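Shown next, in structure tokens, is the structure this report addresses.
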Amino acid sequence: MLEKSCHPPQDIATKLCPRPIPDFSTIGDPDPTPPVPALYSAKEDYLTEILLESGLVTADQIEEAKEAKQVREDVVAASVRLGFIKEADAARALAVNAGLEYVDLTHYTPPEEVVGLVSLDHARQYRMVPVGFEQNRLQVAVSDPFDFEMLDSLNHVLGHDVDAVASSPAQISDAISRYYAEAIGGLESEADLVVTSMGPTDDPAGAAEAGDAPIIKLVAELLKESFKMGASDIHIEPLETSIRVRYRIDGVLHQVASHPRNLLSAIVARVKIMTGAMSIAEKRLPQDARIQLTLGDKQVDLRVSTVPTNHGESIVMRILDKSALKLGLPQLGFLSDDQATFERLITLPDGILLVTGPTGSGKTTTLYACLNYINKPDRKIITVEDPVEYQMSGINQVMVREDVGMTFAAALRSILRQAPNIIMIGEIRDLETASIAINASLTGHLVFSTLHTNDAPSAVARLADIGVKRFLIASAVRAILAQRLVRKLCDECKEPGELTEREIRALGLDASQMAGATIMSPVGCVKCRTTGHRGRAGIFEIFEMDDEVRHMVNDNLSTPQLRRQARELGMRTMREDGIRKVLNGMTSAREVLHVTMADSN
């Protein structure tokens with residue numbers, strides 16, 4: 001299995017190493033080469049045997065190399081340092097013995113998108129570089145062809161099917177410097193990483209002891225790499241013997257790095273210093289803060305949370321890209337008919353519009369897109385949020401601070417005196433907040449808010465559970481939007497496909513629905529990091545409260561009854577909306593089935 005998975009396609013090997021592998025016995029006297037540390041995982045006697053069989057060194061030279069070995073040096077490195085053999089020739093001999101092609105990286109640089117598939121951190125940690133990407137397989141050049149454990153784990157670590165070739169340690173090191181010159185230069189200067197803490201400033205980007213510089217660079221690299229990869233969260237998690245770093249990309253966690261356990265305290269301290277509001281000394285209690293960054297030409301906010309675990313403090317940084325504020329309703333995933341309905345609802349003069357779904361389903365992004373759509377000079381908009389996630393021009397935003405008595409209810413009572421036209425409440429959590437929101441809607445205000453429910457009709461029962469009278473729900477609520485996020489197929493590589501019989505049955509499709517459908521399948525390319533998906537879109541369920549529905553709410557119908565009646569009146573479920581997006585090639589059946597498993601027909 002290893003031999004097959006690590007053997008490169010012939011065209012890649014030919015591209016990188018057009019000359020045939022030389023006859024080692026004819027190689028002339030080697031030129032002096034700078035010393036290199038021990039790099040090969042094979043045992044000393046095995047390395048010795050390979051060097052002797054290749055004819056590159058004599059038995060006397062091997063014995064001299066063994067006697068002259070320095071700390072952490074193997075016989076290969078010693079032979080190179082003593083001038084008995086060229087490093088490239090030794091690496092070529094070892095590669096052939098390990099069953100890998102040897103490549104010369106001296107004048108080769110792969111396309112930028114291929115380099116982007118391997119982080120600088122991984123390249124350094126595993127002493128390897130990417131060299132090509134063909135037929136959905138990533139080719140990497142490694143410096144140690146005998147580190148079989150590393151070779152076997154690269155598929156998992158890089159998240160791709162991997163073919164390995166070999167090169168010399170010096171060429172690998174030089175290639176890392178060339179391939180990642182911009183990233184390394186950015187880490188050295190941090191010129192494009194400007195940090196502004198939400199608390200007291202202490203020049204965290206520049207002020208540090210010399211011994212802290214590597215940690216500063218490490219954290220800076222994590223932040224820039226995560227933004228470059230389009231991550232929504234960075235997870236730094238202490239394990240028993242290591243630190244695991246994962247990025248959440250399009251809703252899926254990907255491990256991108258692993259660091260020694262002894263770096264945890266320094267990394268946590270660095271992140272806390274960047275916030276300017278967290279205590280470095282406090283390690284027993286959770287802490288929350290915020291960091292503002294300028295990455296290149298983009299303004300980015302990070303919501304930072306630390307939690308003590310049994311192995312140390314765990315950090316999660318949520319990336320809030322302000323470009324999301326510019327999203328229009330089509331970019332959220334609305335098809336034309338639903339978009340027309342939703343635009344009509346969010347321009348009503350009064351009432352409550354609720355957006356529901358679990359954590360991470362895009363509720364906040366939808367609300368901000370609504371506010372961006374209706375934000376006009378003749379309207380006064382006030383929001384009450386915990387915390388304020390995005391700062392929007394032209395909108396008055398109030399942050400909840402329960403430690404000083406500024407609760408949702410207290411903030412709402414105050415802002416009603418500000419005579420707003422539109423109010424956005426981050427979340428309705430209790431009866432007091434719900435009552436004030438309902439009173440505001442009944443006195444001529446348009447109110448937006450969120451609830452945590454599985455579908456739209458369930459929001460009625462949720463409001464009733466916290467104590468809101470059903471006649472008030474029927475009178476105040478204008479519509480409820482439930483949503484989930486599905487991964488979109490990558491536009492660069494998706495190709496026509498077909499649904500399986502199982503998917504057709506699960507989605508409840510018939511021949512008439514399949515007629516004229518544009519079914520697309522994920523493939524995987526460099527742009528989407530071989531996942532076949534790139535970006536996310538919403539699938540929606542719009543539950544309008546017309547007169548007939550209000551009567552049903554007043555009659556105290558159960559949620560299943562209310563749902564059935566709503567569907568008879570024309571409500572389209574999230575699964576049905578997802579099916580439409582499968583049939584027009586936006587997403588895959590697997591994605592829709594995954595996020596709507598509890599959706600009933």
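As the structure is a prediction and not an experimental result, all values here were calculated from the model.
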Query raised in the report: Does a side-chain N-to-carboxylate-O contact under 4.0 Å join Arg505 and Glu503?
Result: no
Requested in this report: Answer yes if the side chains of Ser435 and Glu432 hold a donor-acceptor pair under 3.5 Å, and no otherwise.
Outcome: no
**Report entry** Glu237/Arg244 ion pair, N-O < 4.0 Å
**Finding:** yes
Query raised in the report: Counting distance only, does the side-chain N/O of Lys380 pair as donor-acceptor with the main-chain N or O of Pro377 below 3.5 Å?
Result: no
Report task. Nearest 0.5 Å please: distance from the OH atom of Tyr247 over to the CG atom of Leu253. Result -> 12.5 Å
Query - salt_bridge(Asp386, Arg429) N-O dist < 4.0 Å - result: yes
Report task. Answer yes or no: is there an ion pair linking Glu313 with Lys272, defined by an N-O contact shorter than 4.0 Å? Result -> yes
Report summary line: Only residue of Arg575, Glu576, Glu591 satisfying side chain to side chain donor-acceptor pair (under 3.5 Å) with Thr596 is Arg575
Query raised in the report: Going by an N to O cut-off under 4.0 Å, is there a salt bridge joining Asp288 and Arg303?
Result: no
**Report entry** Under-4.0 Å salt bridge between Arg478 and Asp350
**Finding:** yes
Report task. Would you confirm whether Ser226, through its side chain, and Leu223, through its main-chain N or O, come within 3.5 Å as a donor-acceptor pair? Result -> yes
**Report entry** Shortest non-hydrogen separation from Leu489 to Lys494 and the atoms involved
**Finding:** CB-CD, 3.8 Å
Please set out all donor-acceptor pairs under 3.5 angstrom arising from side-chain atoms of residues 578-585, sequence neighbours excluded.
| from | atom 1 | to | atom 2 | distance (Å) |
| --- | --- | --- | --- | --- |
| Arg580 | NH1 | Asp337 | OD1 | 3.3 |
| Arg580 | NH1 | Asp337 | OD2 | 2.9 |
| Arg580 | NH2 | Asp337 | OD1 | 3.3 |
| Arg580 | NH2 | Asp338 | OD2 | 3.2 |
| Arg580 | NH2 | Asp577 | OD1 | 3.2 |
| Lys581 | NZ | Gly333 | O | 2.7 |
| Lys581 | NZ | Gly538 | O | 2.7 |
| Lys581 | NZ | Asp577 | OD2 | 2.9 |
| Asn584 | OD1 | Met586 | N | 3.2 |

Query - More than 12 heavy atoms from other groups under 6.0 Å of CZ on Arg379 - result: yes
Query raised in the report: Is Lys363 reaching over with its side chain to a backbone N or O of Gly357, donor-acceptor style, under 3.5 angstrom?
Result: yes
Query raised in the report: Nearest heavy-atom pair of Asp121 and Ala257: which atoms, and what distance?
Result: OD2-CB, 2.9 Å
**Report entry** Any side-chain donor near an acceptor of the partner, Gln397 and Glu385, under 3.5 Å
**Finding:** yes
Query raised in the report: Within the side chain of Asp233, is there an N or O that forms a donor-acceptor pair under 3.5 Å with the backbone of Arg248?
Result: no
Query raised in the report: When rounded to the nearest 0.5 angstrom, what is the spacing between NE2 in His445 and CG in Leu412?
Result: 10.5 Å
Report task. For a salt bridge (charged side-chain N to carboxylate O under 4.0 Å, His left out) with Glu544, tell me which candidate from Arg572, Arg344, Arg550 qualifies. Result -> Arg344
Query raised in the report: Take atom CE in Met552; do more than 12 heavy atoms of anything else shown fall under 6.0 Å from it?
Result: yes
Requested in this report: Using only heavy-atom distances, determine whether the side chains of Thr366 and Gln483 contain a donor-acceptor pair under 3.5 Å.
Outcome: yes
Query - Exam field: side chain Asn396 to backbone Pro420, donor-acceptor pair closer than 3.5 Å - result: no
Query raised in the report: Of Leu218, Leu263, Ile215, which is the lone residue that meets side-chain contact (heavy atoms from CB on, under 4.5 Å) with Arg270?
Result: Ile215
Query raised in the report: So, does Gln561 use its side chain to make a donor-acceptor pair with the main chain of Arg563 at under 3.5 Å?
Result: no
Requested in this report: Working to the nearest 0.5 Å, report the span between CD1 of Ile519 and CG of Leu509.
Outcome: 7.5 Å
Report summary line: On a heavy-atom basis, the closest approach of Ala440 and Val447 is CB-CG2, 4.2 Å
Report summary line: Value for OG (Ser232) from CZ (Arg318), rounded to nearest 0.5 Å, stands at 7.5 Å
Query - Under 3.5 Å side-chain donor-acceptor pair for Thr453 and Ser458 - result: no
**Report entry** Candidate pair Val553 and Phe471, rule side-chain contact (heavy atoms from CB on, under 4.5 Å), full reasoning
**Finding:** CA-CA 8 Å; Val553 173; Phe471 76 89; over 6 Å; no
Query - Any donor-acceptor pair under 3.5 Å from Gln565 side chain to Leu562 backbone - result: no
Query - Pairs involving residues 533-585, ordered by first then second residue, that meet ring-ring contact (aromatic ring centres under 6.0 Å, His included) (sequence neighbours left out) - result: Phe334-Phe540
Report task. Give a yes or no on whether the backbone of Leu285 and the side-chain of Glu282 come within a donor-acceptor separation of less than 3.5 Å. Result -> yes
Query raised in the report: Say you draw a straight line from CD1 of Ile243 to CD1 of Ile267; how long is it, rounded to the nearest 0.5 Å?
Result: 4.0 Å
Query raised in the report: Would the number of heavy atoms belonging to other residues, nucleotides or ligands and lying under 6.0 Å from CG of Asn454 be above 12?
Result: no
**Report entry** Any donor-acceptor pair under 3.5 Å from Glu343 side chain to Ala340 backbone
**Finding:** no
Report summary line: On a heavy-atom basis, the closest approach of Met317 and Ile236 is CE-CD1, 3.9 Å
Query raised in the report: What distance separates Leu345 CG from Leu353 CG, expressed to the nearest 0.5 Å?
Result: 6.5 Å
**Report entry** Closest non-hydrogen atom pair, Pro286 against Pro308
**Finding:** N-CD, 3.8 Å
